[in-house]
S.K.: 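Structure provided below as C-alpha cells; questions to follow.
A note on names: the letters A, B, ... follow the listed sequences, proteins ahead of strands, and every chain is numbered from 1. Nothing here was measured: the structure is a model prediction, and the numbers come from that model.
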Amino acid sequence: MPELPEIETIRRDLEASVGGARIIRVKAYDPLVISPAAARRLRKAAVGQTIASLERCGKVLIINLSGGHSVLQRFGMTGQMYPLPASAPLPPHARMVWDLGDGRRLVYCDARRFGETMVVKTVDLPRVLCEECRLGEDALSADLSATEFRALLADHRTSIKKFLLDQTHLAGVGNIYASEILHRARIHPETPANSLSHEQARRLLRATRQVMREAVAAQGTTISDYRTGENLSGGYQKFLRVYGREGLSCRRRGCSGIVVRSVHAGRSTYYCPLCQPPGG
DNA sequence: GATAATGTTCGATC
DNA sequence: AGATCGAACATTAT
C-alpha cells in the first residue's frame with residue numbers, strides 16, 4: 001500500500017509524536033517481518049536509547065536512534081506504524097511493539113507480512129540504501145535535470161510503467177502513482193523507456209514531482225489498508241485521475257476519454273486512451 | 001470460491 | 001553478462 005507520499009506522511013507524523021521519546025522495551029512477534037537475529041540486534045541497539053530523528057529514502061522509513069544505530073522499515077503492501085497509549089489493546093496483526101518511556105507504545109502492524117525491519121549502524125546507511133536496498137535517487141528530492149533523466153531512460157527498453165516501478169532508477173513511485181504520473185505526463189504506459197523524447201522526459205519528471213508533492217500534501221492515498229502515522233486515512237484518493245477509475249470518464253478538462261484498465265507484470269495499469277495515445 | 005490488492009525477490013529465459 | 005518477465009510470498013476483502 002504505501003508509496004513515497006504515504007511513507008513521508010508517516011515519517012512526519014512520527015517525528016512530531018515520538019521524536020525524542022525513549023524506548024524502554026522492544027517486542028517482536030513475527031520472524032517474517034523481523035528475523036530473530038534482527039530482533040536481538042534491535043533490542044541491543046534500541047532499549048534505553050531515544051528516537052533521535054526520522055528520515056526516508058523512497059519507500060523506506062529510517063528511524064535514527066541515539067547510540068549510533070538506525071532501523072530501516074519497509075512497509076510491504078499492508079504495513080502501518082503509529083503510537084498508541086500503552087493501556088490500549090494491541091491492534092490486529094501487530095508484528096512489533098516499542099514501549100516508550102511516556103506511557104505510549106509505537107506499533108508496527110502488517111496483515112500480509114510483506115514488510116521488513118532491518119537494523120544497521122547509522123554510519124553504514126548510505127552504503128546499505130545504495131548497495132543492499134539498491135535504491136536510486138529519491139523521487140521527491142532527486143536533483144535531476146530532464147537531460148539526466150532522459151539519459152537514465154535511454155539505457156532501458158522496458159516499458160515506461162515498469163521503469164517507474166523499478167526502485168533502482170528512481171525510488172518511491174509505486175503502482176498507484178505510476179498510473180497517475182503517466183496520465184499527468186500524457187504518456188502511454190507501454191511506451192518503451194528509451195523511446196521517450198526530451199520533451200516527454202521533461203513532462204514525466206515534472207509530473208513525478210508534482211504528483212509526489214500533491215499526494216504528500218493530501219497525506220497519501222487510502223484505498224484500503226494505508227493509515228497515516230496518526231492511524232488516520234489519507235486524502236489523495238479523492239484526487240486520483242485514473243487509478244481505480246476503469247470505465248469512468250477522464251478527469252482532464254475537456255477530455256471525453258474513458259479510463260481503461262490493463263494488466264502487465266501482474267499489476268493493474270489505468271490510463272486514458274485519448275490523453276495517452278500509444279507512441280504519443 | 002475466485003479474484004485482486006499500495007511491494008519485492010528469485011528463478012527462468014532471453 | 002545483463003536485462004526482463006512471471007511467479008511466489010501471506011492475508012483480507014469483495
S.K.: Roughly how far apart, to the nearest Å, are B:dG11 and C:dA10 at atom P?
M.R.: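 Looking at atom P only, B:dG11 and C:dA10 are 16 Å apart.
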S.K.: With a 4.5 Å cut-off on side-chain heavy atoms, are A:His188 and A:Leu182 touching?
M.R.: no
S.K.: Anything under 3.5 Å between a donor and an acceptor, one on a side chain of residues 31-48 of chain A, the other on a protein residue two or more places apart or in another chain? List them.
M.R.:
residue: A:Ser35; atom: OG; partner: A:Ala38; partner atom: N; Å: 3.1
residue: A:Arg41; atom: NH1; partner: A:Val119; partner atom: O; Å: 2.8
residue: A:Arg43; atom: NE; partner: A:Val26; partner atom: O; Å: 3.1

S.K.: Please check the phosphate of B:dA4 (OP1 and OP2 only) for any side-chain N or O of A:Ser268 closer than 4.0 Å.
M.R.: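 So the side-chain polar atoms of A:Ser268 never come under 4.0 Å of the phosphate oxygens OP1 or OP2 of B:dA4.
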S.K.: Under a cut-off of 3.5 Å for both distances of each Watson-Crick or G-U pair, what dot-bracket string does DNA chain B give, using [ ] for crossing pairs and | for inter-strand pairs?
M.R.: .||||.||||||||
S.K.: With A:Thr208 as reference, evaluate A:Ile181, A:Leu140, A:Leu4 under the side chain to side chain contact (heavy atoms under 4.5 Å, CB included) test and give the passing residue.
M.R.: A:Ile181
S.K.: When the distance from CG of A:Leu4 to P of B:dG7 is rounded to whole Å, what number comes out?
M.R.: 11 Å
S.K.: Can you pull every protein N or O that's under 3.5 Å from an N or O on nucleotides 2-8 of chain C?
M.R.:
residue: C:dT4; atom: OP1; partner: A:Arg157; partner atom: N; Å: 3.0
residue: C:dT4; atom: OP1; partner: A:Thr158; partner atom: N; Å: 3.2
residue: C:dC5; atom: OP2; partner: A:Thr158; partner atom: OG1; Å: 3.3

S.K.: Which residues pass the ring pair (Phe, Tyr, Trp, His ring centres under 6.0 Å) test with A:His169, sequence neighbours left out?
M.R.: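 For A:His169, the residues satisfying ring pair (Phe, Tyr, Trp, His ring centres under 6.0 Å) (neighbours in sequence not counted) are A:His156, A:Phe163.
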S.K.: Other hydrophobic cluster members with A:Leu72, side-chain heavy atoms of Ile/Leu/Val/Met/Phe/Trp/Tyr under 4.5 Å, chained?
M.R.: A:Val60, A:Ile62, A:Met118, A:Val120, A:Leu125, A:Val128, A:Leu129, A:Leu135
S.K.: Could you list the cluster mates of A:Leu90? Members are the ILVMFWY residues connected by side-chain heavy atoms closer than 4.5 Å, either directly or through other members.
M.R.: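 In the cluster with A:Leu90 are A:Tyr29, A:Tyr82, A:Leu84, A:Val97, A:Val107.
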S.K.: For A:Phe114 and C:dC9, do the ring centres fall under 5.5 Å apart while the planes stay under 30° apart?
M.R.: yes
S.K.: In whole angstrom, what separates A:Leu165's CG from B:dA5's C1'?
M.R.: 14 Å
S.K.: Would A:Leu205 and A:Leu165 show up in the same hydrophobic cluster when neighbours are defined by side-chain heavy atoms closer than 4.5 Å?
M.R.: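 Different hydrophobic clusters.
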S.K.: Tell me the interatomic distance from A:Glu3, atom CD, to B:dT8, atom P, rounded to whole angstroms.
M.R.: 9 Å
S.K.: Any ring pair (Phe, Tyr, Trp, His ring centres under 6.0 Å) pairs touching residues 99-127 of chain A, not counting sequence neighbours?
M.R.: A:Phe75-A:Tyr108
S.K.: In whole Å, what is the span from the CG atom of A:Leu164 to the P atom of B:dG7?
M.R.: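 So the two atoms are 12 Å apart, to the nearest Å.
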S.K.: Whole Å only: how far is the CD1 atom of A:Ile176 from the P atom of B:dA4?
M.R.: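 Value for this atom pair: 17 Å.
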S.K.: Would you kindly give the CZ-to-P distance between A:Phe75 and C:dA10, to the nearest whole Å?
M.R.: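 Roughly 21 Å, once rounded to whole Å.
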S.K.: To the nearest Å, how far apart are A:Arg74 CZ and B:dG7 P?
M.R.: 12 Å
S.K.: With respect to the phosphate group of B:dA5, does any side-chain polar atom (N or O) of A:Arg261 fall under 4.0 Å of OP1 or OP2?
M.R.: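 So the side-chain polar atoms of A:Arg261 do come within 4.0 Å of the phosphate oxygens OP1 or OP2 of B:dA5, strictly under.
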S.K.: Between B:dT8 atom C1' and A:Lys59 atom NZ, what is the distance in whole Å?
M.R.: 9 Å
S.K.: Quick one: hydrophobic cluster around A:Tyr271, which other residues, with the 4.5 Å side-chain cut-off, linked directly or via members?
M.R.: A:Val260
S.K.: Any salt bridge (charged side-chain N to carboxylate O under 4.0 Å, His left out) pairs touching residues 13-39 of chain A, not counting sequence neighbours?
M.R.: A:Arg11-A:Glu15, A:Arg25-A:Asp99, A:Asp30-A:Arg95, A:Asp30-A:Arg113
S.K.: Tell me which pairs pass salt bridge (charged side-chain N to carboxylate O under 4.0 Å, His left out) where either residue lies in residues 245-257 of chain A, with sequence neighbours left out.
M.R.: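 Those involving residues 245-257 of chain A do not exist here.
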S.K.: Could you list the residues that satisfy ring pair (Phe, Tyr, Trp, His ring centres under 6.0 Å) with A:His93, not counting sequence neighbours?
M.R.: none
S.K.: Pairs under 3.5 angstrom, nitrogen or oxygen only, protein versus nucleotides 12-14 of chain C, please.
M.R.:
residue: C:dT12; atom: OP1; partner: A:His93; partner atom: NE2; Å: 3.2

S.K.: Base, sugar-phosphate, or nothing: which does A:Gln167 touch, judged by heavy atoms less than 4.0 Å apart?
M.R.: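 Sugar-phosphate, no base atom in range.
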